[in-house]
Chemist: 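Dumping the structure here so I can ask a few things about it.
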Amino acid sequence: MEEKLYTITVFSEHSVGILNQVSIIFTRRGLNIETLSVSPSALSGIHKFTITLFCSREMVEKVVKQIDRRVDILKAYYNTDEELVHQEIALYKVATDKLIALGGIEELIRRYHIRILELNESSVVFQKAGHYNETQELFEELKEQVGVLQFIRSGRVAITKSKVERLSDMLAAIEAKRKPDTD
Amino acid sequence: MKLTGSEALIQALKQEGVDTIFGYPGGAIMPVFDALYDHSRDIKHILMRHEQGATHAAQGYARVSGKVGVCFVTSGPGATNTITGIGDALMDSTPMVVITGQVGAALLGSDAFQEIDVVGITQPITKWAYQIRRAEDVAWAVARAFYIARSGRPGPVVLDFTKNAQIETTEFHYQACNFIRSYNPFPELQSEQVEKAVRLIDRAERPFALVGQGVVLSGAEEALRNFLEKADIPAAATLLGLSAMPSDFPLNRGFLGMHGNVAPNLKTNECDLLIAIGMRFDDRVTGDLNSYARQARIIHIDIDPSEINKNVKVHAPIWADAREALEALTQGIRPAKHSEWIASFEPHDRKEFEKVIEKEIHPEEGPITMGEVVRLVSEATEHDAVLVNDVGQNQMISARYFRFKRTRSIVTSGGLGTMGFGLPAAIGAKTGAPERRVCLFCGDGGFQMTLQELGTIMQEGTGLKMIILNNQFLGMVRQWQELFFDERYSFTHMQNPDFVAIAKAYGIEGCEVSLREELPQAIDRMLADDKPYLLVVNVEQKGMVLPMVPAGSCVTNILF
Ligand SMILES: Cc1ncc(C[n+]2csc(CCOP(=O)(O)OP(=O)(O)O)c2C)c(N)n1
């Protein structure tokens, strides 16, 4: 079965132990998570997970259903790259003297849309946002030219392109099912 | 008025209708046991001899009664001893709430005495695991726990109750839970799904239904019968679905899977429509998935959407409560007759009877067989007892040859296959259905895994009938060694104690039988009263459970 990169989005209650509940579903099936990013969503009290992994379509379907059925999970679904606008962010620390010695820094900054976040006599911190291959390309280039002292890349964040059902609409539909209090 | 967290727990349990608890005390749960002491008139606590036994007893209780089984245990080792039962309850969809003591909140994470990460350990094997750290959360957490355990596809819930929360005081207002926004246990039946299934059923020439425990859990026994009768559909049951249809119901064609009946397994690969109802296509039912029912269209009714398309690709899923779905289908479908198709099961039934069943349940010579013991006990109880079994040959033979009149009459460890389940589960079953006869069939191996529960039986006077099918072997493993490991019987022979003497030490009457002639009388003696009784039957040492579909092979590849 063909494996490709899938992006799983999970909306959950913001309570203790959710990450464990989600991650054990991957562990059981021996699946490696590529990237993971968790943050508060637009709705207060609801957290959003964005998880990427390589697997088959059958597998991602099963995994998503098993995540979705957990009591604390509001909604889980998956997308392929074509359906998403997605982004990662990377930070690179390089030695100032080497950078100066390299020269042509303006061209590098323009070509990669680099932002400089910090600069001192010993090191410079670059930031670049982009797809994995774009942040990776800059990493390779810096490593070769000047060496990279420190490097970190965030997990993917993503938004669907299509006009999908919004979480707030879904919540309203769920709330409509709430039975009137009994007392 | 303010209550302690412990008192609030007891009050909350009462609100949920709890009248029976299986438990075992210890330091971190003592305030709860202390509170329970004042309520012994309303809540019966059964002191088990091991926490694993407490969980299995709660399972047995839940399975026969349909109520939520409840356990109290202490922190640390008390909690870890419940893991097998919790895992078993998850696999077999059994509603259970396990309340574990925990060290005080201030000590959490410090490796305090008998501290263990109960929530972390149990999250993979529960529907919900929650730590109560404040007395004021008790009512809310208990309400939620019971709602989650019993609704939708039932399962185990763990409440880890810190000691400070047991002692601190709180205002108590109880409100039952009937809604959690992130949890949807009541899917709405979708008419398109029903219509599609109706079209498939109306067009089918060789329909075949697979009946799982979902039928029992949703109370769909009658709906099932109406459905099957209207369109004349033959059906067979999974291990956990066995008592959903009476054994003598004409459309009940038997038992599915590895040690199931020949005809239903063969017909799975001959039918043109497979209708799976509240079952999950376990590998012990399907064998090799790549050759399973490839010729058939498949309808799958399940309340848990993650079961749909998990193992078998289905053409018409119905995500719903089995009873609702069956009622809607019955309304929609046309009456039909499939006499020829149903008659085509019979030659296989006959062949199985001649080659296997007759020898197993009516042997004329040689050592006693497991099958004849099961047949005799089933007959002597007019096929109306609750069957509890352990795991191994005793489980498969009793599932094959015990007969059922009523629903909720089989308590067995299906998904996890837990040896040691039987004895404590039978205590729970008898407690949950005191008016019914409860018969336990157990192997000599499995009985020794939890035989300390004889102490519970002694103390409670639990009137259950225990039958050890003693073959001096870990029989099922020995069977695999004979078939698949060149008869190399590596560590499966067992030297056994005098079981009757052990029972006697617990004040339980018993008797040991090795001769066929003595067996009927011994069974009559066992059933003569309502007291606990142990019957040890020395059976054929190298008996085999047949037919058998070897693990991972096609359902039509049946060893006779
Ligand atoms: C806790 C546990 N340990 C091991 C097994 C593996 N196992 C399955 S059947 C079996 C043999 C059971 O022997 P016995 O209880 O004597 O029953 P018999 O098969 O002879 O009826 C074993 C060891 C198991 N299912 N559960």
Side-chain angles (χ1 to χ4, degrees), chain A residues 1 8 10-29 41 43-49 56-78 167-183, chain B residues 15 90 105 108-109 117-133 137 140-141 143-145 147-149 151-153 155-158 160 173-188 289 302-313 317 319:
Chain A
M1 262 170 273
I8 296 178
V10 180
F11 290 101
S12 79
E13 296 293 353
H14 185 36
S15 42
V16 173
I18 307 276
L19 180 57
N20 188 42
Q21 293 187 52
V22 172
S23 72
I24 53 188
I25 290 164
F26 293 86
T27 311
R28 272 184 80 185
R29 291 188 178 267
S41 73
L43 296 175
S44 85
I46 294 179
H47 263 54
K48 181 172 176 172
F49 292 60
S56 67
R57 189 190 174 88
E58 284 77 8
M59 182 60 81
V60 74
E61 262 172 26
K62 290 175 194 182
V63 165
V64 161
K65 282 188 192 170
Q66 286 182 330
I67 295 173
D68 204 18
R69 86 167 166 176
R70 298 295 310 177
V71 166
D72 295 311
I73 304 298
L74 282 146
K75 186 75 204 153
Y77 54 84
Y78 72 91
L167 181 66
S168 50
D169 297 340
M170 195 192 86
L171 271 186
I174 294 175
E175 287 292 341
K177 283 199 203 165
R178 188 192 284 270
K179 295 177 195 137
D181 285 344
T182 35
D183 66 350
Chain B
Q15 295 277 337
L90 184 76
L108 287 170
D117 177 11
V118 172
V119 170
I121 292 173
T122 59
Q123 264 181 341
I125 51 167
T126 49
K127 269 185 94 172
W128 191 54
Y130 184 78
Q131 189 171 63
I132 305 174
R133 286 180 227 102
D137 294 337
W140 172 86
R144 237 172 112 99
Y147 175 62
I148 291 168
S151 60
R153 178 178 177 176
V157 169
V158 165
D160 192 36
H173 304 285
Y174 199 74
Q175 191 168 13
C177 177
N178 59 20
F179 178 84
I180 295 171
R181 68 176 181 177
S182 56
Y183 172 59
N184 179 10
F186 306 112
E188 243 166 77
L289 283 172
D302 208 294
I303 199 163
D304 177 353
S306 75
E307 288 300 343
I308 289 171
N309 288 330
K310 186 182 81 176
N311 293 342
V312 171
K313 273 260 171 237
W319 174 31

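Scope of the values below: all heavy atoms of this structure, side chains included, with no hydrogens, waters or symmetry mates. Just so it is clear: chains get the letters A, B, ... in the order the sequence lines come, proteins before strands, and each one is counted from 1. Everything quoted here is computed from the prediction, not taken from an experiment.
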Chemist: Please name the pair of heavy atoms, one in Asp72(A) and one in Arg144(B), separated by the smallest distance, quoted to 0.1 Å.
Modeler: OD1-NH2, 3.5 Å

Chemist: For the OG atom of Ser182(B) and the CD1 atom of Ile18(A), what is their distance to the nearest 0.5 Å?
Modeler: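 Nearest 0.5 Å value for the OG-CD1 distance: 8.0 Å.
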
Chemist: So, for Asn184(B) and Lys177(A), which heavy atoms are closest and what is the spacing to 0.1 Å?
Modeler: ND2-NZ, 3.7 Å

Chemist: Could you measure the distance from the CZ atom of Arg69(A) to the CD1 atom of Ile303(B)? Nearest 0.5 Å is fine.
Modeler: 12.5 Å

Chemist: Take atom CZ of Arg28(A) as the centre, draw a 6.0 Å sphere, and report whether it contains more than 12 heavy atoms from other residues, nucleotides or ligands.
Modeler: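 Counting other residues, nucleotides and ligands, CZ of Arg28(A) stays at 12 neighbours or fewer.
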
Chemist: Treating Gln123(B) as the side-chain partner and Asn20(A) as the backbone partner, does any N or O pair qualify as donor plus acceptor under 3.5 Å?
Modeler: no

Chemist: Walk me through it: do Lys313(B) and Glu58(A) pass the test salt bridge (Lys or Arg N to Asp or Glu O under 4.0 Å)?
Modeler: CA-CA 10 Å; Lys313(B) 273 260 171 237; Glu58(A) 284 77 8; 5.4 Å; no

Chemist: Using a 4.5 angstrom heavy-atom cutoff, name the option from Gln66(A), Arg70(A), Glu61(A), Lys75(A) with the most pairs to chain B.
Modeler: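 Winner by heavy-atom pair count: Arg70(A).
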
Chemist: So which of Ile24(A), Ile67(A), Leu171(A), Thr27(A) has the largest heavy-atom pair count under 4.5 angstrom toward chain B?
Modeler: Ile24(A)

Chemist: Got Gln131(B) and Val16(A) here, is their nearest side-chain heavy-atom distance under 4.5 Å?
Modeler: no

Chemist: Can you confirm whether Ile180(B) sits close enough to Glu13(A) that some side-chain heavy atom of one is under 4.5 Å from a side-chain heavy atom of the other?
Modeler: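 No, their side chains stay 4.5 Å or more apart.
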
Chemist: Between Asp304(B) and chain A, which part of the residue has a heavy atom less than 4.5 Å away: side chain, backbone, both or neither?
Modeler: side chain

Chemist: I need the minimum non-hydrogen distance between Arg181(B) and Ile46(A), along with the two atoms involved.
Modeler: NH2-CG1, 3.6 Å

Chemist: Would you confirm whether Lys65(A), through its side chain, and Ile308(B), through its main-chain N or O, come within 3.5 Å as a donor-acceptor pair?
Modeler: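 Checking the backbone N and O of Ile308(B) against the side chain of Lys65(A), a donor-acceptor pair under 3.5 Å is found.
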
